[in-house]
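Working notes for the structure below.
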Amino acid sequence: MLIPWKGQPFPPEGQRRATAEALVRILVIDDEPSLARSITALLQADDRLIEECGTVAEALARLNAAAYDLIVLDYRLPDASGLAVMDWLLSHDRRESVIMISAEQSVEAAVGALRRGAADFLVKPYSAEQLRRSVAKTLAKRQTERSRRQTRQRLESSEQMHRYLVENSLDLIYTLDADGRFSYLNQRIESLLGHPRSALLGKHFSEIVYPEDLERARFSFNERRTGPRATSNLALRLTRNPFGNVESDEHGPVSIVLNAMGIYNRTDSRAAIHYAGTYGAARSLPGYRLHEQGHGDHSFHDPLTHLPNRDLFCDRLNLSIAQAKRRKTHIAVMFIDMDRFKLVNDTYGQGEGDTLLRAVATRLRQCLRKGDSLTRHGSDEFLVLLPDVGTKADATAIADKILQAFRNPFPVVDGEFTATISLGAALHPEDGDSADDLIQHASVAMHQVKGSGGNAFSFFSPDMHATYRARISLEKELHQALGRKELELHYQPLISLSRGAITGMEALVRWRHPVHGVVAPSRFIQMAEEAGIIHEITRWVLDTACAQFSSWRRRYPNLRLSTNLSARDFDHSDLDDIVSRVLARYGLPADSLEVEITERLLLEQDDKVSRRMQSLRELGIGIAIDDFGTGYSSLAYLRRCGVTRLKIDRSFVRNIKSTEDHPIVSAIAGIARGFDIRLAAEGVERDDQMNALETLGCDEMQGFLFSRPISAEDATRILQNFRLPGAVPPPSPALAP
Ligand code: C2E
Ligand code: MG
Ligand code: MG
């Protein structure tokens, strides 16, 4: 069947095939006619049909009339931005691949285009070769995707309809294997009999047949015959799950009429057919009442989110525990706490906080299955009950799904907020036998996650109790660590490929604990923030690092120092004072120091932060955004706060493979170039990453490939003897210029 497409009639069948398969249609949108012509000339080939136009309006007119394979799109067009074309494509569900070309100053285009699904983007000026390569890659990828999609679609469309009809049928529909065990059940089993269907899969059908009817059910529920002799309209009774959530208030067995027949398979055309199982459909006899819709009794529901309240949740949990004991199955309880929720309330007000909580509840709900329960436990805490998890892996899969669901930001008044959560889980029977134990242990696991930085998931384990207690005592000891001189600094070099030299040193704090040995900052910085002592630590780090650095600078006058600041350091109005006094104490010029802040701080977007960043800038201090690319900070903000360096986050570097495209890294490089901001990459561990980064225009980098963070003495040595990996030893030590 041909469906007219967005109001446009389809071109005649023959013509459509010619354009879709034989010819590759390309639309070049650029308002500079000479540029458009040169792109066309560059891409011209026998099997390509290239058209040009110069405005968004013209482009939309053409797109309305025809489909293209590829659009080469300039960002800056006279009537609107190129993003408008991409928005149009998205809203019209179009399949055109887009290569965006963005001018030097319009780097927001790069990120905007990538987020809208652009295949690639090129920053002007680009080479002819770059464009040719990008087009060839995009078209090749498109071809593979198209054939994959076609195969998948053919399979899916017939299957999908059948699955839908079966799943939503008011009849109970099942299949049995040759041994009479359920191999499929539709969801009707849950509302009709109250059994979670996963609990019945693999079980013998006799488990749901009312004992007195077992004799009648034998040879009919597992019918082998087909055609007129198969079971038809046989009345039977099935047993209800006494703990289940069924639609009827009646007790006792459920009466049904059954139709069933045998399923036969033939492995190949010559082989004999063999009995593979039974297909059956059972309709319950009339007389049942439908479940009441809506949110039900308010006293059992949280008025903000309409989720069942804690009492209702605990009831369900207790019931599930009882069931799980009988059936020897597992249940999981998850404790979910939002990270940084207070920030939303503080920044946007409580109304906005409430809206966010509702949105979070909805998103969580979407990750769960029908029989699962969700409740709000405290202000920003949620509990999840998975009454029937097969294995630990199933619970892990759901936790992953929940964490994934939080990847997309939530809308807030003036933009977006990326909420993250900490998720802890406890399993029955392993981790507890009562509702209270399970909830408490899930909460301990959640705190463990929170303690390691949040935005992750962990199961409870008995040693966490100890860990939890240990954390409390660690927190106490941290208060004394400074006085006891247990903190120390390591340094990691920043190197420049083009200069073949070390251009900077980053100070990274360590805590040498008398019993536990070296504690990494990931384990105590957040603790220090929560305990309110981070500011003291920052002051110590600044002072110690500057003292060390001043001795290095005498030999390497172009070397720079970077230190990390915590978001909480920006709560103090004297931040710029402290920094300038330390610089003065060691006679260091302001531009030799760079402070690193995490991108998340930029997301906090409050005036206080930007004011304090500006006063640091006014002193002449560099500001680097650490872990850049993970937080989607606003680019306008980068400019406003006077950011001087972006450090590409390790996670992007880790994914670099020499043979692939790296749109994100290349977007970040484009941003840096466009805003005239220095660029560095973190976490470079392999040669191929180093080479790919160099190709993408990133000259400065840091990582284990060059050096791990090391003590001040080792750093002094590496300054003297540094050599790039693979470089021939220089006749004299390479010094930072
Ligand atoms: P960061 O500022 O992004 O520091 C880089 C982290 O990546 C360091 O971890 C470093 O050891 C690690 N790293 C460097 N190269 C590689 C590599 O090639 N591969 C891998 N896998 N890792 C690499 P570290 O020292 O554990 O520090 C973790 C974080 O703690 C830092 O991330 C920073 O955010 C924070 N931090 C460290 N020192 C301080 C400090 O003095 N004050 C504050 N507020 N935060 C600090
Ligand atoms: Mg850093
Ligand atoms: Mg970093």
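Small disclaimer: the values here were computed from a predicted structure and weren't measured. For ligands, and for the atoms within them, numbers begin at 1 and follow the listed sequence.
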Of all the atoms in ligand 1, which lie at a distance below 4.0 Å from a heavy atom belonging to [X]?
| X | answer |
| --- | --- |
| Ser566 | 44 (N) |
| Asp627 | 3 (O) |
| Val541 | 41 (O) |
| Glu685 | 17 (C), 18 (O), 19 (N), 20 (C), 21 (N) |

If I take atom CG from residue Asp463 and atom CZ from residue Phe460, how far apart are they, to the nearest 0.5 angstrom?
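Nearest 0.5 Å value for the CG-CZ distance: 8.0 Å.
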Proximity to ligand 1 by part of [X], non-hydrogen separation under 4.0 Å:
| X | answer |
| --- | --- |
| Thr598 | neither |
| Pro709 | side chain |
| Val684 | backbone |
| Arg650 | side chain |
| Lys647 | neither |
| Ile525 | side chain |
| Gln492 | side chain |
| Glu596 | side chain |

Hey, do the aromatic rings of Phe706 and Phe704 have their centres closer than 6.0 Å?
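Distance test on ring centres: not under 6.0 Å, no.
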Mind checking whether His377 and Phe335 have ring centres under 6.0 Å apart?
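Between Phe335 and His377, which both carry aromatic rings, the centre distance is below 6.0 Å.
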For Phe549, does the six-membered ring have the charged nitrogen or CZ of Arg560 within the cation-pi criterion, i.e. under 6.0 angstrom from the centroid and within 45° of the normal?
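No; the conditions do not both hold, so Arg560 does not lie above the ring face of Phe549.
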In terms of ring plane angle, is the pair Trp511 and Phe524 parallel, tilted or perpendicular, where the classes change at 30° and 60°?
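Trp511 vs Phe524 ring planes: perpendicular.
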Shortest reach to atom 24 (P) of ligand 1 by a heavy atom, considering only Pro521, Ala507, Ser522, Ala681:
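Selected option, by shortest heavy-atom distance: Pro521.
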Measuring from atom 25 (O) of ligand 1, which candidate in His490, Arg510, Glu506 has the nearest non-hydrogen atom?
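Comparing heavy atoms across His490, Arg510, Glu506, the nearest one to atom 25 (O) of ligand 1 lies in Arg510.
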Salt bridge present between Asp543 and Arg539 (N-O < 4.0 angstrom)
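Salt bridge between Asp543 and Arg539, a charged N being under 4.0 Å from a carboxylate O: no.
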Lys450/Asp339 salt bridge by N-O under 4.0 Å criterion:
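Here Asp339 pairs with Lys450 in a salt bridge, since their nearest N and O are under 4.0 Å apart.
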Under 3.5 Å: N/O of [X] near N/O of ligand 1:
| X | value |
| --- | --- |
| Leu508 | no |
| Asp569 | no |
| Phe704 | yes |
| Glu682 | yes |
| Asp626 | yes |

Proximal heteroatom of [X] relative to the Mg ion (ligand 2) (N/O/S):
| X | value |
| --- | --- |
| Asp626 | OD2 |
| Glu596 | OE1 |
| Glu506 | OE2 |

Quick check on Arg654 - does any of its heavy atoms sit under 4.0 Å from an atom of ligand 1?
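No; Arg654 lies far enough from ligand 1 that no heavy-atom distance drops under 4.0 Å.
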Please answer whether the main-chain N or O of Met701 pairs with a side-chain N or O of Glu682 as donor and acceptor at a distance below 3.5 Å.
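Side chain of Glu682 to backbone of Met701, a donor-acceptor pair under 3.5 Å: no, none is there.
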Check: His535 and Arg568 side chains under 4.5 Å, non-hydrogen atoms
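With C-beta onward as the side chain, the pair stays apart.
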Heavy-atom side-chain proximity of Ile421 to Ile402 below 4.5 angstrom
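Counting from C-beta outward, Ile421 and Ile402 do come under 4.5 Å.
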Ring pair (Phe, Tyr, Trp, His ring centres under 6.0 Å): pairs with one or both residues in residues 469-502, sequence neighbours excluded:
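Of all non-adjacent pairs touching residues 469-502, those that pass ring pair (Phe, Tyr, Trp, His ring centres under 6.0 Å) are Tyr491-Trp552.
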Side chains of [X] and [Y]: donor-acceptor distance under 3.5 Å anywhere?
| X | Y | value |
| --- | --- | --- |
| Ser707 | Gln492 | no |
| Thr598 | Asp627 | no |
| Glu529 | Ser566 | yes |

Taking both backbone and side-chain atoms into account, decide whether Asn564 has an N/O/S atom under 2.8 Å from the Mg ion (ligand 2).
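Looking at Asn564, which is the residue asked about, there is an N, O or S atom under 2.8 Å from the Mg ion (ligand 2).
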